[in-house]
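Whatever order the structure lists them in is the order used to number ligands and atoms, beginning at 1.
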Amino acid sequence: MKTLIEFINEEQSHIPNASGDFSRLMNDIGIAAKIVNREINKAGLGDIMGYEGTANVQGEDQKKLDVYANNEFIKALKNGGQCCAIASEENEGLVTFENKLSNDGQYVVAMDPLDGSSNIEVNVSIGTIFSIFKRKTKPGSPGTVEDLLQPGNQLIAAGYVIYGSSTMLVYSTGNGVNGFTLDPSVGLFLMSHPNMKIPGGGKIYSVNEANYIYFPDGVKEYLRYCQEDDAKTNRPYTTRYIGSLVADFHRNLIRGGIYLYPGTRKNPNGKLRLLYENVPVAFLAEQAGGKATDGFRRILDIRPKALHDRTPLFIGSKHMVEKAEYFMDYFSKEFKPEDTE
Ligand code: P6P
């Protein structure tokens, strides 16, 4: 099996005049993933469980592993020198580095270092999610917020690490999606899932139905559609909701399906963050033949106004997302953002 570094080098060989900087950045992410994985796998044995006693910019209690993962990915990206700024779910402001090597870095990274961390103590899969953009500002000084406020259609790469029954790194540079499984006996990510594609005929829907009464009518009608008995269209579908975006998305990527985190009257923009949750999985979904919108707009075309912007998310098998969009357009036009083309 091809190792991650072999694949990274192979991809680099197809890019004329590649400097190797991106390859080193991707390798740094792989190293940080292995370090975080080691800590997660023994979380129940050390004092790494539990709360840090602090809250992040989202007002969410930070777990010790949240802070640990955040620090490890920041350290790896700082030491690598290819990254001049990081936007992290765990940091309110931009993370920059006061050293020349990083200030000359060509790339910026947006990340959720440990998504779904509320699942840690119940041993449910959690994940790291990341977006990589080219900086817009001139090298020679730290990256700026402007470097991060780019729409997903400008991505250089995006991916996630899922720390589950096995640990996988799944990412794309725009030439399809490839999955690498960590072989802990040798400490290498090996290509186990080449050229991943979301099956067309998905019949799984993932949504937190506890929010049902606050959902837009379009979502309520779509859920009714999913539950109707119609053998010709493979319904009723089945529902699976893990409460960890990476795990729910990864299952749908392999089995087909749709994940929805809609906006509600209380929270019209939903819960998930655009830059380091929705954009990376939307990039992968499209690269794998699927679709990702906020119910009306393509996720990758939405320009963030701030680092921690939120948007609704409808993502997965193309025909399922398009059916959900149909119901949103028919029943819930009032949720359509003003700047929808
Ligand atoms: P809820 C985890 O906190 C997360 O950001 C995603 O990983 C997950 O899909 C979602 O929120 C779960 O949110 O409101 O259903 O608990």
### Message
Taking 4.0 angstrom as the limit and counting only heavy atoms of L245, give me the atoms of ligand 1 inside it, by number and element.
### Response
6 (C), 7 (O), 8 (C), 9 (O)
### Query
When you check the gap from the basic side-chain N to the acidic O, do R235 and E228 get nearer than 4.0 Å?
yes
### Message
Test your reading of the structure: does Y259 have an N or O sitting under 3.5 Å from an N or O of ligand 1?
### Response
yes
#### Entry: N208 neighbourhood, listing ligand 1 atoms whose heavy-atom distance to it stays under 4.0 Å
1 (P), 14 (O), 15 (O)
### Task
Check the angle between the aromatic planes of Y225 and F327 and answer parallel, tilted or perpendicular using the 30° and 60° thresholds.
tilted
### Query
For ligand 1, is S244 a contact, meaning one of its heavy atoms is under 4.0 Å away?
yes
### Task
Working to the nearest 0.5 Å, report the span between CZ of R255 and NE2 of H250.
10.0 Å
### Task
For D115, take its heavy atoms, then give the atoms of ligand 1 lying under 4.0 Å from any of them.
4 (C), 5 (O), 6 (C), 7 (O)
### Message
If we count only N and O atoms by modelled type, under 3.5 Å, do the side chains of Y205 and Q227 hold a donor and an acceptor together?
### Response
yes
### Message
Applying the side chain to side chain contact (heavy atoms under 4.5 Å, CB included) criterion to L182, which one of L188, V161, T167, L4 satisfies it?
### Response
T167
## Note on the structure
Counting from 1 in the order shown, the ligand 1 atoms closer than 4.0 Å to a non-hydrogen atom of E277 are 5 (O)
### Message
Within the 4.0 Å heavy-atom shell around Y261, which atoms of ligand 1 are there?
### Response
1 (P), 13 (O), 14 (O), 15 (O)
### Query
How long is the gap from CG on L313 to CG on L245, to the nearest 0.5 Å?
6.5 Å
### Query
Under a heavy-atom criterion of less than 4.0 Å, does L272 contact ligand 1?
yes
#### Entry: Contact (N/O only, under 3.5 Å) between Y241 and ligand 1
yes
### Query
Cut-off 3.5 Å, side chains only: do N269 and D309 have a donor facing an acceptor?
no
